[in-house]
Amino acid sequence: MHSNASDIPVQSPGSPAPAPLSADAQDALKIVVVGGFGVGKTTMVGAVSEIRPLSTEEVMTEASVGVDDPSRVRSKTTTTAAFDFGRITITEDKILYLFGAPGQERFWFLWDQLFAGSLGAVVLVDPRRVEESWYAIDRLEAHGTPFVVAINRFEAGPGLDALREALDLSEGVPLVECDARSRDDCKAVLISLVRHLNDLYAPSPAREGTP
Amino acid sequence: MNPRPIDREDPDRLYTVTGGRSRSDEGIFDSVTLIVSECEPKAGMQSEHMRILRMCERPTAVVEISATLGMPVSVVTILLRDLLDMGRITVRHPSSSVADAQAHTPAPETLKQVLDALQRL
Ligand SMILES: Nc1nc2c(ncn2[C@@H]2O[C@H](COP(=O)(O)OP(=O)(O)OP(=O)(O)O)[C@@H](O)[C@H]2O)c(=O)[nH]1
Ligand SMILES: [Mg+2]
């Protein structure tokens, strides 16, 4: 494994508020970036965000056994999971939030919560550790959240066909390559996701005409 | 790096901030629900409430409030629930969180707008 240190300056909690949204902002949309530990999720969010990625935390509470203890509020065990996010202005009244899900396995249970209400997801894959993406793909399919898979090219490796097979990816799911540090690449990944959504939701004219 | 990370936040302090309540209000606020202040912060208000009211003069998403205050989303939503009950804020829920969220698919027009915005980036 490699170090957890990221070169991306994620703003620490309690930092000054980023530039405010338009007064007309009404509707916030979400896209989630998931994938194994250290595959470049935070890097991708930072590459396309209009603000420095912010970090926020969710405290998950697990009630301890033997709950009749009157002081039980304090005896619950809590786990804190950090996730980071950035944003992109869409129109005067719409904003897109990009969430980088926490990659460590012990936080994977949080992902479903992030998928809820999101337009779709990007599964970011380190081609040297393909198997760490299987779980993300499984969860997205189970949840019915549309997604694309993006190979973060840390170094030259297997071609896309071989990777599609290793990922056991169905034909309908777009598979693209990127360098998560490149704004243009990440932009292209998001565009491929939105095109995919368009294809999924557009009424199919080919089928409509046939009896 | 700056203040202390939240995971080292004193649990007693978070307990005080929320009046000891826990997460019964979960679900009212989505992580990207936009919050808008409906009044000025006034002397005598809880300091976190004042900070939220100041921050939300323009619409601000729950996660941004959480990041700026350095408090977990679950704590922020408890504070927001109080402000909402007192009529001090209004909320703009994301269209994806409306009643029938499972069946919700984005409007084609929304997707077009997202595509245009991404292409302009
Ligand atoms: N060479 C190379 N390094 C990259 C690339 N993308 C990310 N990195 C580096 O890989 C490390 C991990 O990137 P992060 O963006 O923090 O990964 P993450 O997926 O957010 O990690 P977790 O949140 O801990 O799961 C950082 O040091 C990045 O600078 C890439 O495309 N090429
Ligand atoms: Mg990360």
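Because only heavy atoms are used, hydrogens play no part in the values below, and waters and symmetry mates are left out as well, while side chains stay in. Treat the numbers as computed from the prediction; the structure is a model and nothing was measured. The sequence lines fix the lettering, A, B, ..., with proteins before strands; numbering per chain opens at 1.
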Heavy-atom closest contact ([X] atom, [Y] atom, distance):
X      : Y      : value
B/V63  : A/F85  : O-CZ, 3.4 Å
A/S55  : B/A67  : O-CB, 3.4 Å
B/D30  : A/K30  : OD1-NZ, 3.6 Å
B/S96  : A/G117 : OG-O, 3.0 Å
B/L121 : A/R183 : CD2-NH2, 3.5 Å

Can you tell me which portion of [X] sits under 4.5 Å from chain B's heavy atoms? Options are side chain, backbone, both or neither.
X      : value
A/I95  : side chain
A/L119 : side chain
A/D184 : neither
A/L190 : both

Contact check, side chains of [X] and [Y], non-hydrogen atoms, under 4.5 Å:
X      : Y      : value
B/P106 : A/Y201 : yes
A/T56  : B/V76  : no
B/S31  : A/F99  : yes

For [X], does the [atom1] atom sit with more than 12 other heavy atoms under 6.0 Å from it, leaving out its own atoms?
X      : atom1 : value
B/E40  : CD    : no
A/E105 : CD    : no
A/D168 : CG    : no

Got a donor-acceptor contact below 3.5 angstrom from the B/R58 side chain to the A/L21 backbone?
yes
Where the side chain of A/K94 meets the backbone of B/T110, is there a donor-acceptor pair that is under 3.5 Å apart?
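Not at all, since once roles are kept as given, no pair shorter than 3.5 Å links the two residues.
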Pick from A/A23, A/A82, A/P20 with the largest number of heavy-atom pairs that fall under 4.5 Å of chain B
A/A23
Rounded to the nearest 0.5 Å, how far does [atom2] of [Y] lie from [atom1] of [X]?
X      : Y      : atom1 : atom2 : value
A/D27  : B/Q113 : CG    : CD    : 9.5 Å
B/E64  : A/R87  : CD    : CZ    : 4.0 Å
A/H196 : B/L111 : NE2   : CG    : 11.5 Å
B/S95  : A/L29  : OG    : CG    : 6.0 Å
A/L197 : B/T105 : CG    : OG1   : 10.0 Å

B/E57 portion near chain A, given a 4.5 angstrom heavy-atom threshold
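Neither; nothing under 4.5 Å.
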Which atoms of B/L118 come close to chain A, meaning under 4.5 Å heavy atom to heavy atom: side chain ones, backbone ones, both, or neither?
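Answer is both: backbone and side chain atoms of B/L118 are under 4.5 Å from chain A.
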Could you check which of B/V114, B/T33, B/I65 has the highest count of heavy-atom pairs closer than 4.5 Å to chain A?
B/V114
Could you go step by step and tell me if B/Q119 and A/I191 meet the side chain to side chain contact (heavy atoms under 4.5 Å, CB included) rule?
CA-CA 8 Å; B/Q119 275 157 345; A/I191 288 173; 3.6 Å; yes
